[in-house]
Amino acid sequence: MEAYKRWIRRNKHFVLKFDTLANYLTWLLPDEFAESEIGPEAVSSLVGMITTVNEFIIETSPTEVHTRCAECAFIPLSLCLTLLKDLETTIEVVGEQIYGEKNKWNLIAVTEAVKVCIRLLIFRNSGYKMLLQGGETENAETDSDSSCPEEMKRQLDKPTGKEESGITKKLHLQNSGNLEDRAISALSSFSKNATSKLVEKPSLRTFLSEKGIPGGFFVTGEILFIIRPLVYVLLMRKYGTRSWFPWCMSLAVDLIGNSILSFTLMSQHSGKTQQLQPSDSEKDELKRRRMLWALYLMWDPFFTKYTRQRLKSTQRLAQPVPILGFVAEKLVEIVIGVQSRYTYTSGS
């Protein structure tokens, strides 16, 4: 495995280009191979997972500035979450082919439950910070140890002991000023600090005691965001795609959770007691979550009753125009095809 990592890092530009090409080639699979949906989706998932692993290896290269120094020894939960998302469409297709349209929701529910567990672990391990990109991106903007090289540089610049002066300081510089020794000392000190900071992540009780009532609202809003996809899938499993109840309940959970987070963070940001100070990335994350609400237009029964009818009427209007009519027809076909898969439009 180490040899593979070294090869990937030495040839990272070639690997990135090859991975991109491989993803495009999955659209050109032979018709005989594409007779079953499982084959193309399995290949696409495999290529996506290999690409994800290769990108992770490149991003965690020891020569990169943004190396996760404290997490190089194990596979992070964010990578596990991304790999599962690469695989989830194949799981849905397999469930539909083997168990049928109705019972496929059992496998989808298991997949969403695993994702909920991973996200809750990420939320806890991060010290109860807002999940960025659903947990796939580390929220470390406010961490003092977010940049390893800068920290090590500061360690190198620090004196190795108490302040000294006069002849003692001169002798120290002559006898103990070896750069290699100082580098080793700095690395050792940084390693201890990083380990200490990882261990000292606050528990939920500590977090709530420090942040008070706003912290409780924040945790509630974030948990609602995390469990919302599972709630929707479980309701779809019970009531089916024709019922409005799963659609309305999912939207309600989204609205309530986002409103709690927005009110808590914005009121704290503008108030005198700033127990929770949202970073720029967290503000962007709130905007991203609101943009995901557009996916409700793609979920049944709203799509079948409203969106699809509007798309068809737009296609009929554009049909007399030679090129525009052809483009509109293909776009409608693509949208309808994408909508047929929950995992394409889940936003989770």
J.: Hey, what do you get for CD1 (Ile118) to OG1 (Thr82), rounding to the nearest 0.5 Å?
T.: 9.5 Å
J.: Taking the side chain from Asn139 and the backbone from Lys129, do they hold a donor-acceptor pair closer than 3.5 Å?
T.: no
J.: Treating Ile, Leu, Val, Met, Phe, Trp and Tyr as nodes and any side-chain heavy-atom pair under 4.5 angstrom as an edge, say whether Val335 and Val332 lie in one connected cluster.
T.: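 Val335 and Val332: one cluster.
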J.: Spell out, yes or no, whether Val231 and Trp293 are grouped together once hydrophobic residues are joined by side-chain heavy atoms under 4.5 Å, including indirect joins.
T.: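 No; Trp293 is not reachable from Val231 via cluster members.
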J.: Just by distance, no angles: are the side chains of Ser209 and Thr206 close enough, under 3.5 Å, to form a donor-acceptor pair?
T.: no
J.: Is there a side-chain contact between Leu84 and Thr111, using heavy atoms and a 4.5 Å cut-off?
T.: yes
J.: Going by salt bridge (Lys or Arg N to Asp or Glu O under 4.0 Å), name the residues that satisfy it together with Arg288, two or more places apart in sequence or in a different chain.
T.: Glu285
J.: Is Lys115 paired with Glu88 through a side-chain N to carboxylate O contact shorter than 4.0 Å?
T.: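 Salt bridge flag = yes for Lys115 with Glu88.
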J.: Quick one: do Arg124 and Glu222 satisfy salt bridge (charged side-chain N to carboxylate O under 4.0 Å, His left out)? Show the steps, please.
T.: CA-CA 11 Å; Arg124 186 196 66 180; Glu222 196 66 8; over 6 Å; no
J.: Thinking salt bridges, do Lys85 and Glu136 make one under a 4.0 Å N-O criterion?
T.: yes
J.: Taking C-beta and beyond as the side chain, do Phe303 and Arg308 meet within less than 4.5 Å on heavy atoms?
T.: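 Yes, side chains in contact.
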J.: Hydrophobic clustering (ILVMFWY, side-chain heavy atoms < 4.5 Å, transitive) - are Phe56 and Met49 grouped together?
T.: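 Result: yes, single cluster for both.
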J.: Give a yes or no on whether the backbone of Pro301 and the side-chain of Arg242 come within a donor-acceptor separation of less than 3.5 Å.
T.: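 No; judged by distance alone, with no hydrogens or angles, the pair does not exist.
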J.: What distance do Leu311 atom CG and Ile336 atom CD1 have between them, rounded to the nearest 0.5 Å?
T.: 7.0 Å
J.: Heavy-atom count around Arg290 CZ within 6.0 Å, excluding the residue itself: above 12?
T.: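 For Arg290, atom CZ is crowded (more than 12 foreign heavy atoms under 6.0 Å).
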J.: Provide the closest heavy-atom pair for Thr241 versus Met236 in the form atom of the first, atom of the second, distance.
T.: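 In terms of heavy atoms, the two residues are closest at CG2-CE, 3.3 Å.
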J.: Heavy atoms only: give me the nearest Leu234-Ala109 pair and the separation to one decimal.
T.: CD2-CB, 4.0 Å
J.: Please report the interatomic distance OG1(Thr343) to CD1(Ile91), rounded to the nearest 0.5 Å.
T.: 9.0 Å
J.: Any non-hydrogen side-chain atom of Ile260 less than 4.5 Å from a side-chain atom of Thr264?
T.: yes
J.: Output side-chain donor-acceptor pairs under 3.5 Å for residues 244-256, partner residues at least two apart or in another chain, one line each.
T.:
{"from": "Trp247", "atom 1": "NE1", "to": "Tyr296", "atom 2": "O", "distance (Å)": "3.0"}
{"from": "Ser250", "atom 1": "OG", "to": "Arg228", "atom 2": "NH1", "distance (Å)": "3.2"}
{"from": "Ser250", "atom 1": "OG", "to": "Tyr296", "atom 2": "OH", "distance (Å)": "3.0"}
{"from": "Asp254", "atom 1": "OD2", "to": "Tyr296", "atom 2": "OH", "distance (Å)": "2.7"}

J.: Does any part of the side chain of Glu282, heavy atoms only, come nearer than 4.5 Å to the side chain of Leu286, both counted from C-beta?
T.: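 The answer is no, as the side chains (C-beta and beyond) never meet within the 4.5 Å cut-off.
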J.: Is it possible for you to say whether Tyr344 and Leu295 belong to one hydrophobic cluster, with membership spreading through side-chain heavy-atom contacts below 4.5 Å?
T.: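 No: no chain of side-chain contacts under 4.5 Å links Tyr344 to Leu295.
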J.: So, using salt bridge (Lys or Arg N to Asp or Glu O under 4.0 Å) as the criterion, who are the partners of Glu55 when residues are at least two apart?
T.: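 Once residues adjacent in sequence are excluded, Glu55 has no partner under the salt bridge (Lys or Arg N to Asp or Glu O under 4.0 Å) criterion.
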J.: State the CG-CZ distance between Leu331 and Phe326, to the nearest 0.5 angstrom.
T.: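 Taking CG in Leu331 and CZ in Phe326, the distance rounds to 10.0 Å.
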J.: Tell me, do Leu132 and Glu138 make a side-chain contact under 4.5 Å, heavy atoms counted?
T.: no
J.: Please, which pairs that meet ring-ring contact (aromatic ring centres under 6.0 Å, His included) have at least one residue in residues 210-230, sequence neighbours excluded?
T.: none
J.: Got Val114 and Arg119 here, is their nearest side-chain heavy-atom distance under 4.5 Å?
T.: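 Val114 vs Arg119: side chains apart.
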J.: Do Thr52 and Asp86 meet the criterion of a side-chain donor-acceptor pair at a distance under 3.5 Å?
T.: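 Asp86 and Thr52 do have a side-chain donor-acceptor pair below 3.5 Å.
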J.: Check for me, please, whether Leu230 and Tyr239 land in the same ILVMFWY cluster - side-chain distances under 4.5 Å, paths through other members count.
T.: yes
J.: Would you say Ser262's side chain and Ser259's backbone share a donor-acceptor pair under 3.5 angstrom?
T.: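 Pair absent, no side-chain N/O of Ser262 close to backbone of Ser259.
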J.: Shortest non-hydrogen contact from Phe123 to Ile223?
T.: CE2-CG1, 4.5 Å
J.: With salt bridge (Lys or Arg N to Asp or Glu O under 4.0 Å) as the rule and sequence neighbours excluded, what pairs involving residues 316-332 come up?
T.: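 Every salt bridge (Lys or Arg N to Asp or Glu O under 4.0 Å) pair that includes a residue of residues 316-332, provided the two are not neighbours, is Lys330-Glu333.
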J.: Atom OG of Ser279 and atom CG of Leu265: how far apart are they, to the nearest 0.5 Å?
T.: 9.0 Å
J.: Could you tell me if the side chain of Trp105 sits less than 4.5 Å from the side chain of Val233, heavy atoms only?
T.: yes
J.: Going by atom types alone, do Arg341 and Ser346 pair a side-chain donor with an acceptor below 3.5 Å?
T.: no
J.: Begin with the C-alpha distance, continue with both residues' side-chain angles, and end with the deciding distance and a verdict on side chain to side chain contact (heavy atoms under 4.5 Å, CB included) for Ile323 and Val327.
T.: CA-CA 6 Å; Ile323 298 178; Val327 172; 4.3 Å; yes
J.: Specify the closest pair of heavy atoms between Thr345 and Trp299, including all atoms of both residues, with the distance to one decimal.
T.: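 Smallest interatomic distance, heavy atoms only, reads O-NE1, 2.9 Å.
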J.: Examine distances only and state if a side-chain atom of Thr51 and a backbone atom of Val47 form a donor-acceptor pair shorter than 3.5 Å.
T.: yes
J.: Starting at CG of Leu297, measure out to OG1 of Thr307 and round the result to the nearest 0.5 Å.
T.: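 Spacing of CG (Leu297) from OG1 (Thr307) equals 5.0 Å.
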J.: With sequence neighbours excluded, what pairs up with Gln339 under the side-chain hydrogen bond (donor to acceptor under 3.5 Å, both in side chains) test?
T.: Asp300
J.: Would you kindly say whether Tyr342 and Glu112 are connected by a side-chain donor-acceptor distance under 3.5 Å?
T.: yes
J.: List the atom of Leu120, the atom of Ile226, and the distance in Å for their closest heavy-atom pair.
T.: CD2-CD1, 3.9 Å
J.: If you take all heavy atoms of Arg289 and Leu261, which pair is closest and at what distance?
T.: NH1-CD1, 3.3 Å
